[in-house]
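Data first, discussion second: the structure below is written as structure tokens.
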Amino acid sequence: MTSPTLFTQEFWNDPHPVYAALRQEAPVHPVTLPNGMEIWLVTRYTDCKAALADPRLSKRQGAGDNARTLASPVRSPLTHHLLAADPPDHTRLRKLVSKVFTARRVEELRPRIGELSAALIEPLRGKDGADLIEEYAVHLPIQVICELLGVPIEDQADFRHWTSVMVSASAGGPGVPEAAAAFVGYLLGLIERKRATPSGDLLSALIATRDEGDRLSEDELTSMAFLLLLAGHETTVNLIGNGMYTLMTLPDAHRRLREDPSLIPAAVEEFLRLESPVETATSRTAMEPVTYGGVTIPAGAMVAVSLLSADRDAERFPSPGEFDLNRPDNQHLAFGFGVHYCLGAPLARLEAQIAFTDLLAAFPNIRLAVPPADVMWRPGTLIRGTVALPVLLQ
Ligand code: HEM
């Protein structure tokens with residue numbers, strides 16, 4: 001490990017100074033993750049962008065960061081997805097779902113997302129305080145992705161538990177094989193039920209694609225459902241949470257957005273850049289030696305790209321720690337880059353824009369109920385988000 005300050009609770013609470021030191025020290029660092037995995041961490045914007053688009057870095061071998069801990073009956077149905085595939089398999093899989101997530105198709109969901117957001121805000125109106133994560137931010141993305149996929153919302157307690165165990169695996173958390181096995185059993189049951197009674201949702205459409213030809217295998221079907229359900233809700237919750245946290249520490253920006261909601265889309269891009277909900281992109285494997293910034297990563301090594309670090313690189317973003325609504329050319333890497341660029345980016349942006357608009361309109365005085373430094377952040381290298389976000393609403 002390069003620095004003793006990595007991967008402690010202090011680091012999770014404020015990783016930015018550590019990343020700044022790492023960027024300064026060297027472009028790439030070999031580190032040991034809390035789960036024991038050895039990985040080369042890329043920290044500077046230019047190198048991160050190059051690595052994300054580098055065809056010499058394969059996704060196939062990594063097959064998801066949890067894969068190595070799973071037995072094969074569980075591994076196979078969870079790891080044949082977009083983030084564990086290289087072209088041409090990746091291209092084929094992505095084509096099957098890309099139409100549903102275009103900006104135009106997603107825009108059609110605006111009224112429904114607005115209804116869901118309004119229904120979540122209603123019970124908060126009379127309250128003095130709330131945990132914004134548990135009482136709002138978690139629910140909007142989860143309800144949207146459940147409706148899109150055709151997953152019963154009543155089952156959310158189960159799959160939220162399984163996914164949260166699985167995404168905190170990088171912090172060395174326990175229970176991954178059990179959670180993965182339960183998730184696979186759930187998905188197989190759901191697919192069986194939908195096969196018997198299809199409806200107009202995405203999962204039914206994917207099942208039909210699977211059954212009509214050879215464009216999708218059974219493992220690819222369950223893996224796709226798994227990835228969409230996981231990526232659809234573990235990320236956007238933290239864009240809403242991290243964004244509200246940032247805003248509540250910046251009274252001037254808070255006021256400007258309240259007075260002029262047309263600034264919200266630009267604010268969402270700054271929230272994405274400043275506190276990227278995906279801290280580190282999913283791991284890749286070097287298929288041959290690769291050199292970034294003069295440092296050579298050997299063939300066979302695992303590579304992690306720190307999106308959070310890249311987006312605070314002063315070489316790319318002047319005054320990188322500052323929230324700037326007029327930042328020109330805000331090409332942050334929060335949604336990744338290259339062929340694996342986030343499929344759900346238009347949906348995440350729309351959900352976040354609706355969430356910030358509605359929350360600021362309903363609660364103009366919303367503020368943190370604790371000092372900012374007392375807010376605890378989740379451990380783990382994949383997801384950056386607060387454990388809870390206690391706020392005063394009135
Ligand atoms: C603020 C919210 C979100 C953020 C920050 C985010 C971030 C990312 C990032 C960084 C990647 C690339 C990972 C890599 O290259 O290793 C990615 C890929 C992906 N995201 Fe998102 N995501 C968000 C929301 C969503 C939503 C709502 C969906 C739901 C449909 C989604 C579905 C996906 C999928 C399927 C991929 C894999 C794409 C591929 O490999 O071709 N994401 N996301």
Side-chain angles (χ1 to χ4, degrees), residues 39 42 48-49 51-54 57-60 62-65 79-102 105-106 109 113 137 140-149 151 163 167 170 202-203 206 220 223-243 268-269 271-285 302-308 310-311 332-356 381-385:
I39 202 156
V42 187
C48 287
K49 194 168 169 181
L52 289 170
D54 195 331
L57 298 185
S58 170
K59 297 292 294 145
R60 211 173 49 246
D65 297 344
T79 53
H80 284 78
H81 57 64
L82 288 165
L83 281 174
D86 294 332
D89 280 338
H90 173 268
T91 323
R92 170 177 53 84
L93 290 172
R94 180 130 177 165
K95 223 181 247 166
L96 295 174
V97 283
S98 56
K99 275 199 225 81
V100 178
F101 292 96
T102 59
R105 282 289 294 279
V106 162
L109 300 173
I113 300 174
L140 189 64
I142 223 167
Q143 290 178 0
V144 172
I145 198 67
C146 279
E147 286 194 4
L148 249 174
L149 268 177
V151 171
T163 53
V167 300
S170 60
L202 179 55
L203 194 49
L206 288 169
E220 287 169 344
S223 300
M224 181 82 87
F226 165 69
L227 178 66
L228 290 174
L229 198 50
L230 186 144
H233 83 274
E234 276 285 356
T235 48
T236 315
V237 48
N238 298 314
L239 172 53
I240 299 170
N242 299 358
V268 168
E269 299 310 308
F271 297 147
L272 281 161
R273 188 186 64 78
L274 280 166
E275 296 292 0
S276 174
V278 176
E279 179 163 340
T280 314
T282 55
S283 56
R284 286 150 165 82
T285 307
M302 306 283 282
V303 180
V305 176
S306 175
L307 308 175
L308 194 69
D311 286 343
H332 58 72
L333 298 179
F335 288 123
F337 185 72
V339 294
H340 294 284
Y341 180 81
C342 179
L343 176 76
L347 180 59
R349 285 186 162 118
L350 179 61
E351 288 175 6
Q353 288 168 13
I354 291 173
F356 290 110
T381 49
L382 183 60
I383 297 289
R384 173 146 180 82

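One-based numbering, in listed order, for ligands and for the atoms of each. When a residue number appears, it is its place in the shown sequence, counting from 1.
- Residue contacts with ligand 1 include R284, since one of its heavy atoms falls under 4.0 Å from the ligand.
- Put simply, the side chain of L206 reaches to within 4.5 Å of the side chain of V97, judged on heavy atoms.
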Side chain to side chain contact (heavy atoms under 4.5 Å, CB included) assessment of M224 paired with H81: CA-CA 5 Å; M224 181 82 87; H81 57 64; 5.6 Å; no

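- Each of the atoms 1 (C) of ligand 1 lies under 4.0 Å from some heavy atom of L239.
- Residue A281 has at least one heavy-atom neighbour below 4.0 Å for each of these atoms of ligand 1: 14 (C), 16 (O).
- Checked against a 3.5 angstrom limit, the closest N/O atoms of K59 and ligand 1 fall outside it.
- Ring planes of Y341 and F335: perpendicular class, angle over 60° (limits at 30 and 60°).
- Under a 4.0 Å criterion applied to the non-hydrogen atoms of A334, ligand 1 contributes the atoms 5 (C), 7 (C), 10 (C).
- Contact check for L93 versus H90: no side-chain heavy atoms found under the 4.5 Å cut-off.
- Contact check for H340 versus L52: no side-chain heavy atoms found under the 4.5 Å cut-off.
- Annotation: side chain of L202 is in contact with side chain of L228 (closest heavy-atom distance under 4.5 Å).
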Pair T381-E279, side chain to side chain contact (heavy atoms under 4.5 Å, CB included): steps then yes or no: CA-CA 6 Å; T381 49; E279 179 163 340; 5.6 Å; no

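- We find the SG-CG distance between C48 and D54 to be 12.5 Å, quoted to the nearest 0.5 Å.
- In this structure, the protein non-hydrogen atom closest to atom 37 (C) of ligand 1 is L83 CG, 3.6 Å.
- Rounding to the nearest 0.5 Å gives a distance of 10.5 Å between CG of L274 and CZ of R384.
- Using 4.0 Å as the threshold, V339 has a heavy atom nearer than that to some atom of ligand 1.
- Near L227, the atoms of ligand 1 lying under 4.0 angstrom from a non-hydrogen atom of the residue are 35 (C).
- In terms of heavy-atom proximity, P141 sits nearest to H233 at CB-CA, 4.2 Å.
- With contacts defined as side-chain heavy-atom distances shorter than 4.5 Å, the pair N242/F271 does not qualify.
- The option with the heavy atom closest to atom 16 (O) of ligand 1, from among V237, N238, T282, is T282.
- Of the protein's non-hydrogen atoms, R94 NH1, 3.3 Å is the one closest to atom 38 (C) of ligand 1.
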Trace of the side chain to side chain contact (heavy atoms under 4.5 Å, CB included) decision for Q353 with R349: CA-CA 6 Å; Q353 288 168 13; R349 285 186 162 118; 4.1 Å; yes

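- In this structure, H90 counts as a contact residue of ligand 1, since one of its heavy atoms falls inside 4.0 Å of the ligand.
- Counting atoms of ligand 1 from 1 in the listed order, those under 4.0 Å from a heavy atom of F101 are 30 (C).
- Side-chain atoms of V305 and L333, non-hydrogen and from C-beta on, never get closer than 4.5 Å to each other.
- What sits closest to atom 29 (C) of ligand 1 on the protein, heavy atoms only, is G232 CA, 3.7 Å.
- Judged as a side-chain hydrogen bond (donor to acceptor under 3.5 Å, both in side chains), and not counting sequence neighbours, the contacts of E234 are T163, R378.
- The protein atom (non-hydrogen) at minimum distance from atom 40 (O) of ligand 1 is H340 ND1, 2.7 Å.
- The ligand atoms of ligand 1 that sit less than 4.0 angstrom from a heavy atom of L307 are 10 (C).
- Selection from I240, T236, I145 by nearest heavy atom to atom 27 (C) of ligand 1 gives T236.
- Within a radius of less than 2.8 Å around atom 21 (Fe) of ligand 1, the protein N, O or S atoms are C342 SG.
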